[in-house]
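The structure appears below as structure tokens.
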Protein chains: 2
Amino acid sequence: MIRPLDAQSRAELPRTLPLWSLAEGRDAIIRRFRFADFSAAWGFMGRVALLAEKLDHHPEWSNTWNRVEILLTTHDAGGLSARDVAMAQAIDAIEPGRIV
Amino acid sequence: MIRPLDAQSRAELPRTLPLWSLAEGRDAIIRRFRFADFSAAWGFMGRVALLAEKLDHHPEWSNTWNRVEILLTTHDAGGLSARDVAMAQAIDAIEPGRIV
């Protein structure tokens, strides 16, 4: 059993993970990506797949051509945990995106 | 513009693609896969990604650890086309599965 994300870390999410938002109807965070084409999206997914195995924390994700959506939650915690924050930060390091 | 799947091919889908079913609410076909673990699922997805680029026909798909769901439809046809059948058959050749 992994501990759920503590209240302070949860309150800080908009600052620590500004590119992510809370998923609807689930205790999870989500980020959507758009790339030039499928090849670029798949290249990114390959890097995330390696991260997932390395951190032993796997996303729920989907892809349609140049678009990728990643949802992170921790089944063993019944919702968000520090592992999701760490994984999201590692993904952001690959794809920093723009803070809009 | 690609032609939609003709009526005869559509009627034959349960025979030609017994592992696929019609998606709900969309003119699309869907197949769900379950593998030993993420590594196996990702290996399969890599092969499908190569197929998608080769056939220039990309799935809408999702993955959660050992599970993969693939949805095929043809945007340029406004629904199912022969390209979806060809792609599904190529995916089945990679992962024949069991006809239950």
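Naming convention: chains lettered A, B, ... in sequence-line order (proteins, then strands); numbering from 1 in each chain.
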Would you say B:R3 has more than 12 foreign heavy atoms packed within less than 6.0 Å of its CZ? no
Please walk me through it: do B:W42 and A:W42 pass ring-ring contact (aromatic ring centres under 6.0 Å, His included)? CA-CA 11 Å; B:W42 184 254; A:W42 183 254; 4.6 Å; yes
Counting heavy-atom pairs under 4.5 Å with chain B, the top scorer among A:R67, A:M45, A:E69 is A:M45
Quick one: does B:S39's side chain get under 4.5 Å of A:E53's, heavy atoms only? yes
NE2 of A:H75 to OG1 of B:T64, rounded to nearest 0.5 Å, is 7.0 Å
Applying a strict under-4.5 Å side-chain criterion to I, L, V, M, F, W and Y, I'd like to know whether A:F33 and A:V48 cluster together. yes
For the hydrophobic clusters of this structure (ILVMFWY residues joined by side-chain heavy atoms under 4.5 Å, transitively), does one cluster hold both B:L71 and A:W61? no
Going only through I, L, V, M, F, W and Y residues with side-chain contacts under 4.5 Å, is there a path from B:L55 to B:I94? yes
